[in-house]
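Reminder, nothing fancy here: chain letters follow the sequence lines and each chain counts from 1.
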Amino acid sequence: MSGRLEVADLGDGDLSHDVVEAAQQLLGWRLSTTFNGVPTEVVIVETEAYRGEDDPASHAYRGRTERNAAMYDGPGTLYVYRSYGVHWCANVVTGPAGEASAVLLRGGVPLAGVERMQERRGRVDHLADGPGKLCAALGITGEHDGTSLRHGPVRLLPRRTAEPIELEATTRIGITRAADRLWRFVARGIDGSSLAPT
DNA sequence: CACCTGATTGCCT
DNA sequence: GGCAATCAGGTGA
């Protein structure tokens, strides 16, 4: 479904508010890892909101399981799951605490450590333009599930610019239940060239 | 560029 | 046992 254009609130970095709002505000934020002394970083340009046990498309829809336990750990937790038995996908858990809501990080634009990402991906382009690719580029795996995005090995960093971000809201990708909600958000006009690498 | 398909494995019914 | 919050490579317009 085609979407509608909006402008994201800048937000305050507080992940405890509603997951749909958080999904929009996370656009322009950065995700970084440093393994073996080599930093890699992307700017987030595509997200999807999954609203806890109320959302038929959420992994938490049928309550807590071993896989989705990190979703119940509260805002700022990283939830990583395996998709289609092959890929890792990363989520930012949001509030309210215990609601088990999370924002799936569906795409990023490389900002730093591009050579390392190219090694991990085994190619030079399309490094992080998909949820599985984003994790592969940053070296995020299931061993990072449940870690803190503020203090852990995978860090969420505030956006650098105060410019409002223009975004498109569309239906979520690859799901069958609750497929009509416009809870996918794609940032427009971010290509990484205007943001200096760390 | 749009659409189609095989690969691959863990999770839940 | 069926399905899934995907990816990459192929085909054809």
- Check whether the side chain of A:His126 and the base of C:dA8 form a donor-acceptor pair under 3.5 Å. no

- Task: Could you tell me whether the side-chain ring of A:Tyr84 sits stacked on the base of B:dA7, using a centroid cut-off under 5.5 Å and a plane angle under 30°?
- Result: no

Counting side-chain heavy atoms from CB outward, which of [options] is closest to [X]?
{"X": "A:Ile173", "options": "C:dA5, C:dT6, B:dC11", "value": "C:dT6"}
{"X": "A:Leu104", "options": "C:dA5, C:dT6, C:dA8", "value": "C:dA5"}
{"X": "A:Arg123", "options": "C:dC7, C:dA5, C:dG9", "value": "C:dG9"}
{"X": "A:Val86", "options": "B:dT8, C:dA5, C:dA4", "value": "B:dT8"}
{"X": "A:Arg62", "options": "C:dA5, C:dC7, B:dT13", "value": "B:dT13"}

- Query: Using a cut-off of 4.0 Å on non-hydrogen atoms, how would the nucleic acid contact of A:Arg67 be classed: base, sugar-phosphate, or nothing?
  - Reply: sugar-phosphate

Between [atom2] on [N] and [atom1] on [X], what's the gap in Å once rounded to a whole number?
{"X": "A:Arg106", "N": "C:dA4", "atom1": "CZ", "atom2": "P", "answer": "15 Å"}
{"X": "A:Asp125", "N": "C:dG9", "atom1": "CG", "atom2": "C1'", "answer": "13 Å"}
{"X": "A:Glu46", "N": "C:dC7", "atom1": "CD", "atom2": "C1'", "answer": "14 Å"}
{"X": "A:Glu53", "N": "B:dC12", "atom1": "CD", "atom2": "P", "answer": "13 Å"}
{"X": "A:Arg121", "N": "C:dG9", "atom1": "CZ", "atom2": "P", "answer": "9 Å"}

Is there a side-chain polar atom (N or O) of [X] under 4.0 Å from OP1 or OP2 of [N]?
{"X": "A:Thr176", "N": "C:dA4", "result": "yes"}
{"X": "A:Ser58", "N": "C:dA5", "result": "no"}
{"X": "A:Arg82", "N": "B:dT8", "result": "no"}
{"X": "A:Arg177", "N": "C:dA4", "result": "no"}

- Any chance CD of A:Glu115 has more than 12 other-residue heavy atoms, nucleotides or ligands included, within less than 6.0 Å? no

- Task: Determine whether more than 12 heavy atoms belonging to other residues, nucleotides or ligands lie under 6.0 Å from atom CZ of A:Arg150.
- Result: no

- Does the ring centre of A:Phe35 sit less than 6.0 Å away from the ring centre of A:His144? yes

- Message: Is it the case that the ring center of A:Tyr50 lies less than 6.0 angstrom away from the ring center of A:His59?
- Response: no

- Under a 3.5 Å limit for both distances, which nucleotide forms a Watson-Crick or G-U wobble pair with C:dC3, could you say? B:dG10

- Task: Sort out the partner of B:dC4 for me: Watson-Crick or G-U wobble, both distances under 3.5 Å, none otherwise.
- Result: C:dG9

- For the side chain to side chain contact (heavy atoms under 4.5 Å, CB included) test, which of A:Val92, A:Leu78, A:Val45 pairs with A:Leu105? A:Val92

